[in-house]
Peer 1: 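Just passing along the structure, written as structure tokens.
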Amino acid sequence: MPELPEVETTCHGIAPHLLNQTIVKVLVHQTKLRWPVPAELATELCGTAVQDVTRRAKYILLRFPHGTMLIHLGMSGSLRLCKPYMPRAKHEHIEWYLTSGQVLRLNDPRRFGAVLWAADDPYQHKLLKHLGPEPLGDVFDAEYLYHVTRQRKGAIKTFIMDSKQVVGVGNIYASEALFRAGIHPARAAGSLSRERSARLVQAIKEVLQEAIAQGGTTLRDFTNSEGKPGYFAQALRVYGRSNEPCLTCGSTIKQKILGQRSTYYCPRCQR
DNA sequence: AGAGGTACCTGGCAGC
DNA sequence: TGCTGCCAGGTACCTC
């Protein structure tokens, strides 16, 4: 579930419920996420208030007076606001009790997600420090993409999924953006012209913005912070459509593995 | 430096 | 019904 639009949707959904709320209690039921959940999380947060809720790449940042909590949803994570009397669901590993009477719960079946603590500037944290520009920001433009892809022989799809180059482009939206830009996913990144770089940047921004506007993708079970599904799944043009007709030209959508990830494309529209 | 592979983990599904 | 094998939206880290 969590690609950038899902994380943005989650962030947006939880922010009003968390801002200025004091943490009453933290319960960590499972410390084994991608990295061990730091012990100070359960102690240091109590009695302090959430000052800000922001996002950097796919990390959700909750700022407190004395540090920042980083939450990554990994491959299967979700955050949900509940009433304390609602029974804890399977895989709800961490609970943050708020003065409002609500509880924020982290559910993550595959446990690829992470909850970390940054006492100092979170942007200097090891995991955030080397991230590339935000895909929806001004830094990520045609000239940038053209410049950083020069001499690169690897596939363009793998390149745009590399968070050191640009963050937030996951497997689904990489396929979708390349389809919209008419670029074959296996094409060498360095072979893109200025014009095609511009088209790809535009397509990435569009596909992400549309998905955010519609509340994220529904694949198997994505639900936003209120438990409602996203509605972008129906807008996917190539992802998950192998052997179905291309919506533009009618050719058969192909699937191949690139960088160990399933990739979908139209062999006629994408060159 | 860049490219490619591996690891972390559970659940759902197809096929037998 | 139950087993096995495969696949899944991320990404840090390792080796070549």
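Naming: A, B, ... by sequence-line order, numbering from 1 per chain. Values below: all heavy atoms of this structure, side chains included; hydrogens, waters and symmetry mates excluded. For clarity, every value in this text was computed on a predicted model and none was experimentally measured.
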Peer 1: If the sugar-phosphate is the primed atoms plus P, OP1 and OP2 and the base is the rest, what is the B/S/- string for nucleotides 1-6 of chain B, using protein heavy atoms under 4.0 Å?
Peer 2: -SS-BB

Peer 1: Is it the case that the side chain of A:Asp141 and the backbone of A:Val201 share a donor-acceptor pair, with hydrogens and angles ignored and the cut-off at 3.5 Å?
Peer 2: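 The answer is no, because no donor-acceptor pair under 3.5 Å joins these two groups.
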
Peer 1: Once you round it to whole Å, what is the distance between P of B:dT10 and NE2 of A:His93?
Peer 2: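 Rounded to the whole Å, the gap is 9 Å.
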
Peer 1: Between atom CZ in A:Phe112 and atom P in B:dA7, what is the gap in whole Å?
Peer 2: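 These atoms are roughly 12 Å apart.
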
Peer 1: When the distance from CH2 of A:Trp35 to P of C:dG10 is rounded to whole Å, what number comes out?
Peer 2: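 The answer, rounded to whole Å, is 15 Å.
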
Peer 1: Toss me the dot-bracket line for DNA chain B: Watson-Crick and G-U wobble, both under 3.5 Å, 5' to 3', using | for pairs to another strand and [ ] for crossers.
Peer 2: .|||||||.|||||||

Peer 1: Using OP1 and OP2 only, check whether a side-chain N or O of A:Arg110 sits under 4.0 Å from B:dC8.
Peer 2: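 So the side-chain polar atoms of A:Arg110 never come under 4.0 Å of the phosphate oxygens OP1 or OP2 of B:dC8.
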
Peer 1: Could you walk me through whether A:Glu210 and A:Gln214 pass the side chain to side chain donor-acceptor pair (under 3.5 Å) test, one step at a time?
Peer 2: CA-CA 6 Å; A:Glu210 285 175 26; A:Gln214 298 181 60; 4.9 Å; no

Peer 1: Looking only at side-chain atoms of A:Arg111, point me to the closest of C:dG9, B:dC9, C:dA12.
Peer 2: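 The listed nucleotide nearest to A:Arg111's side chain is B:dC9.
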
Peer 1: Can you figure out which of B:dC9, C:dA12, C:dG9 approaches the side chain of A:Asn171 most closely?
Peer 2: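 Selected nucleotide (nearest to the side chain): C:dG9.
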
Peer 1: Under 4.0 Å between a side-chain N/O of A:Ser163 and OP1 or OP2 of C:dA12, yes or no?
Peer 2: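 For C:dA12, OP1 or OP2 has a side-chain N or O of A:Ser163 closer than 4.0 Å.
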
Peer 1: Is any side-chain N or O of A:Arg261 closer than 4.0 Å to OP1 or OP2 of C:dG10?
Peer 2: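 For A:Arg261, the contact criterion (side-chain N or O under 4.0 Å from OP1 or OP2 of C:dG10) is met.
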
Peer 1: Side chains of A:Asn107 and A:Lys90 only: does a donor on one sit below 3.5 Å from an acceptor on the other?
Peer 2: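 No donor-acceptor contact under 3.5 Å links the two side chains.
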
Peer 1: Measure from CD1 on A:Ile257 to C1' on C:dC7 and round the result to the nearest Å.
Peer 2: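 Going from CD1 in A:Ile257 over to C1' in C:dC7 covers 9 Å.
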
Peer 1: Above 12 or not: heavy atoms from other molecules or residues under 6.0 Å from NE2 of A:His29?
Peer 2: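 More than 12 heavy atoms, drawn from other residues, nucleotides or ligands, come within 6.0 Å of this atom.
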
Peer 1: In whole Å, what is the span from the NZ atom of A:Lys32 to the P atom of B:dA7?
Peer 2: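 It works out to 17 Å between those atoms.
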
Peer 1: Indicate yes or no for a side-chain donor-acceptor contact from A:Arg196 to the backbone of A:Gly182 under 3.5 Å, with no hydrogens or angles considered.
Peer 2: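 Flag set: sc A:Arg196 to bb A:Gly182 pair under 3.5 Å.
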
Peer 1: Any heavy-atom pair between the side chains of A:Val166 and A:Val148 that's under 4.5 Å?
Peer 2: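 A:Val148 does not reach A:Val166 side chain to side chain.
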
Peer 1: Would A:Asp108 and A:Ser76 count as having a side-chain donor-acceptor pair, cut-off 3.5 Å?
Peer 2: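 Note: A:Asp108 and A:Ser76 side chains meet the donor-acceptor criterion.
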
Peer 1: What verdict does the side-chain contact (heavy atoms from CB on, under 4.5 Å) test give for A:Gln270 and A:Ile183, after you've listed the backbone C-alpha separation in whole Å, the side-chain angles of each residue and the deciding distance to 0.1 Å?
Peer 2: CA-CA 5 Å; A:Gln270 295 175 253; A:Ile183 297 168; 5.7 Å; no

Peer 1: Can you tell me the distance, in whole Å, between the CD1 atom of A:Ile160 and the C1' atom of C:dG10?
Peer 2: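 Spelled out: CD1 on A:Ile160 to C1' on C:dG10 is 15 Å.
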
Peer 1: Taking 4.0 Å as the cut-off, does a side-chain nitrogen or oxygen of A:Lys90 come that near to OP1 or OP2 on B:dG11?
Peer 2: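 Result: yes.
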
Peer 1: Nearest whole angstrom, please: distance from the C1' of B:dC8 to the CG of A:Leu73.
Peer 2: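 Roughly 16 Å, once rounded to whole Å.
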
Peer 1: Just to confirm, is there a sub-4.0 Å distance from OP1 or OP2 of C:dA8 to any side-chain nitrogen or oxygen of A:Tyr239?
Peer 2: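 No, no such contact exists.
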
Peer 1: Counting heavy atoms not belonging to A:Gln151, are there more than 12 under 6.0 Å from its CD?
Peer 2: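 Count not over threshold, so no.
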
Peer 1: Under 4.0 Å between a side-chain N/O of A:His91 and OP1 or OP2 of B:dC9, yes or no?
Peer 2: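 No, no such contact exists.
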
Peer 1: What nucleic acid atoms does A:Lys164 come within less than 4.0 Å of, heavy atoms only: base, sugar-phosphate, or nothing?
Peer 2: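 Since no nucleic acid heavy atom lies under 4.0 Å of A:Lys164, the category is nothing.
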
Peer 1: What's the closest nucleotide to the A:Ser262 side chain, out of B:dG11, C:dC7, B:dT10?
Peer 2: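 Of all the options, the side chain of A:Ser262 is nearest to C:dC7.
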
Peer 1: Expressed in angstrom and rounded to an integer, what is the separation of A:Asp108 atom CG from C:dG10 atom P?
Peer 2: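 Taking atom P of C:dG10 as the reference, CG of A:Asp108 is at 13 Å.
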
Peer 1: From C:dA12, C:dA8, C:dG10, pick the nucleotide closest to the side chain of A:Lys58?
Peer 2: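 So the side chain of A:Lys58 is nearest to C:dG10.
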
Peer 1: Using atom types as modelled and distance alone, determine if a side-chain donor or acceptor of A:Lys153 lies under 3.5 Å from a backbone N or O of A:Ala188.
Peer 2: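 Checking the backbone N and O of A:Ala188 against the side chain of A:Lys153, no donor-acceptor pair under 3.5 Å is found.
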
